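Here is the naming used below: chain letters follow the sequence lines, and residue numbers restart at 1 for every chain. All of these numbers come straight from a predicted model, not from anything done at the bench.
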Amino acid sequence: LPVWFSINADYFFLQFTIPIDNGDSVKTAEADSQRTLYPYVTGTSIVAIKYKDGVLMASDMGGSYGSTLRYKNIERMKAIGKHSLLGASGEISDFQEILRYLDELVLNDNMWDDGNSLGPKEVHNYLTRVMYNRRNKFNPLWNTLVLGGVKNGESYLGMVSMIGVSFEDNHVATGFGNHLARPILRDEWHADLSFEDGVKLLEKCMRVLLYRDRSAINKLQIAKITEEGVTVSQPYSLKTFWEFKAFNNPTAGAEGSW
Amino acid sequence: MFRNQYDTDVTTWSPTGRLFQVEYAMEAVKQGSAAIGLRSRSHVVLACVNKAQSELSSHQKKIFKVDDHIGVAIAGLTADGRVLSRYMRSEAINHSFTYESPLPVGRLVVHLADKAQVCTQRSWKRPYGVGLLVGGLDESGAHLYYNCPSGNYFEYQAFAIGSRSQAAKTYLERRFESFGDASREDLIKDAILAVRETLQGETLKSSLCTVSVLGVGEPFHFLDQETIQKVIDTFEKVAEDEEGEAGEGDAEAAAAPAEQGGGGAGDQDVAPMEM
């Protein structure tokens, strides 16, 4: 710890000042290493929709390290308790930390053993409080979270960002998904989609993301949550087509050396 | 109970395994004026007797709203009751804020009981001198609990606490099996009838009692004087008709006060702290 001291010649005493944690959010250089400044290993988009029996959520299994697609087996969607499913994009280690918080929350809820249980609305609001409070301390959890679930026949789908912005909707997406997937969903989503139609719709969105998001990989999972519970599919790949005429010999009109 | 050498400290056990200070605290509950609670599957009614210190003063508030879905009626040291009500409101609103969902009443009463227990195990504290009838909702419907100064809590279909509560309890014991499926109106009527039992012959007027209701789809609220008087009028008229017949109800009502005769005499003087 750096220590500053000064000797006051007139009064002849020593003063020592040490930077201590007194609750100030803005700190000295050393303390900076103890709060989140930028993300390191990140997950890309999550796309989720409400359908007839509950909620469907899709994500790929990639963990990027900057521009390197370093990890290819990251599960970015997890079941929470009996009634909820959480998907996350952003910093993977922060997502794992959130899973630890929720683990404790669900454990304490189960320990009551009194017939009451946390539903998706409660989990979503808890997460909103956590994210917002961290943002206020200038130490955010660098994630955008998607929380879906079903309880007592009612479907729920919501989102929380790293700065604590929180809302519910019939379809949500994170990151690039907001720009590429949501326009498709706005046109093609409708209430009471069947499971097959819902999956087709999600795959359509994921395919566009695969073509256009350079952090996306062709290994995805689709998770479904209904009154019965959560199922996360095995990883699989989407069929892609790269033989569009316009992409063959793309520099035909303006050849160059690079 | 008589004074003995083990009753000075709450942290002193008696040789027979009793904590006298805790038991004395429960006595304070018995001195307060009556509070009654009953529940059906979907509603809870809390009612109490309004006793004023003197003709000049107003009566004390004994029923508190904790949240839209939880209410509490107290008997004993009302000051302690107010403090605990404030604690319950705080717990309920904090839960609501974090989870945007009502705090299940069953979890609130456990927090309350654990708080009361602390005061039975610290030499520098004293037990809370108030009994609480907590009525509220959770996922499985309506519930009624009684929280004791000892830190114990029990769930009830119907219960009464405070002075002359035995008369009300006897009435409730006769009728409780019908409460589960009773309509909201019948439940309110039974609550007011139970209050009447504690008055022991005094004419039942709407100014003498406070009644509150909460239920599934019905937030906690007090019934106004007019509504209470209307309910009273429905059975007071019937009672007048039965007077000449010396009905079953009358005979039992007479028996209850007789049982309470011994206890009743001791209850005449209400100590200044309690109401």
Side-chain angles (χ1 to χ4, degrees), chain A residues 80-86 98 101-137 141 145-161 164-169 227, chain B residues 39-44 66-71 88 90-117 132 134-147 151-157 180 214-217 219-220:
Chain A
I80 310 292
K82 282 187 290 233
H83 306 284
S84 313
L85 175 65
L86 175 67
I98 289 168
Y101 286 153
L102 289 176
D103 211 28
E104 208 182 306
L105 190 71
V106 170
L107 181 70
N108 286 319
D109 192 47
N110 288 339
M111 283 204 318
W112 278 105
D113 197 20
D114 62 353
N116 295 300
S117 56
L118 289 169
K121 179 160 91 136
E122 288 81 9
V123 177
H124 184 220
N125 279 286
Y126 172 78
L127 288 171
T128 307
R129 292 292 112 233
V130 170
M131 300 300 270
Y132 183 65
N133 277 301
R134 289 287 297 251
R135 163 261 197 200
N136 284 340
K137 294 196 275 200
L141 288 159
L145 305 169
V146 173
L147 201 296
V150 190
K151 193 168 174 210
N152 297 333
E154 277 189 49
S155 303
Y156 186 93
L157 182 58
M159 204 177 101
V160 196
S161 77
V165 174
S166 154
F167 55 87
E168 289 173 61
D169 208 337
E227 193 75 55
Chain B
R39 69 149 169 119
S40 69
R41 245 179 276 283
S42 58
H43 286 79
V44 183
V66 169
D67 202 342
D68 282 334
H69 69 294
I70 301 180
M88 291 198 282
S90 181
E91 292 293 288
I93 210 171
N94 283 338
H95 188 275
S96 234
F97 174 71
T98 311
Y99 302 100
E100 264 218 39
S101 191
L103 173 62
V105 64
R107 299 189 181 187
L108 177 62
V109 294
V110 174
H111 289 310
L112 194 53
D114 289 347
K115 192 171 161 74
Q117 190 280 339
L132 304 112
V134 184
L137 303 174
D138 70 15
E139 275 185 56
S140 45
H143 298 269
L144 175 69
Y145 295 91
Y146 170 54
N147 278 73
N152 282 324
Y153 70 97
F154 310 92
E155 186 168 0
Y156 285 97
Q157 187 75 45
L214 70 96
V216 176
F220 177 95

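Looking at A:Ser117, the atoms closer than 4.5 Å to chain B (heavy atoms on both sides) sit in the backbone and in the side chain alike. Heavy-atom distances place the side chain of A:Leu118, and not its backbone, under 4.5 Å from chain B.
With chain B as the partner, the residue from A:Thr128, A:Asn125, A:Asn152, A:Asp114 showing the most heavy-atom pairs under 4.5 Å is A:Asn125. Each of B:Arg107, B:Glu100, B:Glu139 has some count of heavy-atom pairs under 4.5 Å with chain A, and the biggest count is that of B:Arg107. By number of non-hydrogen pairs under 4.5 angstrom with chain B, the leading residue of A:Asp109, A:Val130, A:Val123, A:Leu127 is A:Asp109.
No more than 12 heavy atoms of other residues, nucleotides or ligands shown are found within 6.0 angstrom of NZ on A:Lys82. Counting non-hydrogen atoms of other residues, nucleotides and ligands closer than 6.0 Å to OH of B:Tyr153 gives a total of 12 or fewer.
Ring orientation note: the planes of A:Trp112 and B:His111 are nearly perpendicular, at an angle over 60° on the 30°/60° scale.
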